[in-house]
Amino acid sequence: MARPVKEGLEYFPLDIDFFDDPKILFIENLFGEKGELVVVKLLTWIYRNGYYCEWNDEICLLFTKKSFSNFKPSFVQEVTAELLKRGFFNESVFKRFGSLWS
């Protein structure tokens, strides 16, 4: 019996300097450790299905409710907006397609 085709990735590499990246340092300074956690969980959300994900208010709500017990979707949206502003995700692709690309 053939092995089923898996969507997304089994794992993704996390550079040892990830938390020293200026983009992530801004997130930490603005949102604390909770902001960093949003970034890492968002990356796992994206890589679960490939290299990008659609992102809007409804998906943010689902992501927040699945990933965090005490975070508000508005907090996750603020972190995501800062990631777009800082170039962690491609802002022009987001504006055009409504997707976050890793």
K.L.:
Under a 4.5 Å side-chain heavy-atom rule over Ile, Leu, Val, Met, Phe, Trp and Tyr, are Phe75 and Leu42 clustered together?
P.N.:
yes
K.L.:
Under the salt bridge (Lys or Arg N to Asp or Glu O under 4.0 Å) rule, what pairs show up with a residue in residues 85-102, not counting sequence neighbours?
P.N.:
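Checked against salt bridge (Lys or Arg N to Asp or Glu O under 4.0 Å) - neighbours excluded - the pairs reaching residues 85-102 are Glu82-Arg86, Glu91-Lys95.
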K.L.:
Sequence neighbours left out, cut at 3.5 Å: what donor-acceptor pairs do the side chains of residues 12-37 make with other protein atoms?
P.N.:
residue, atom, partner, partner atom, Å
Asp15, OD2, Asp17, N, 2.9
Asp21, OD1, Lys23, N, 2.7
Asn29, ND2, Leu25, O, 3.1

K.L.:
Do Val39 and Phe88 make a side-chain contact, defined as non-hydrogen atoms from C-beta onward lying under 4.5 Å apart?
P.N.:
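Yes, side chains in contact.
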K.L.:
Return the OG to CG distance between Ser99 and Asn90, rounded to the nearest 0.5 Å.
P.N.:
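So the OG of Ser99 and the CG of Asn90 are separated by 11.0 Å.
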K.L.:
Do Leu100 and Val93 make a side-chain contact, defined as non-hydrogen atoms from C-beta onward lying under 4.5 Å apart?
P.N.:
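Of all side-chain heavy-atom pairs linking Val93 with Leu100, none is under 4.5 Å.
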K.L.:
Out of the candidates Phe97, Phe94, Trp101, only one should pair with Trp55 under the side-chain contact (heavy atoms from CB on, under 4.5 Å) rule; please name it.
P.N.:
Phe94
K.L.:
Donor-acceptor pairs are to be reported for all side-chain atoms of residues 56-68 against protein atoms at under 3.5 Å, with residues two or more places apart or in another chain.
P.N.:
residue, atom, partner, partner atom, Å
Asn56, OD1, Glu58, N, 3.0
Asn56, OD1, Ile59, N, 2.9
Asn56, ND2, Glu54, OE2, 3.2
Asp57, OD1, Gln77, NE2, 2.8
Thr64, OG1, Cys60, O, 2.7
Ser67, OG, Phe63, O, 3.0

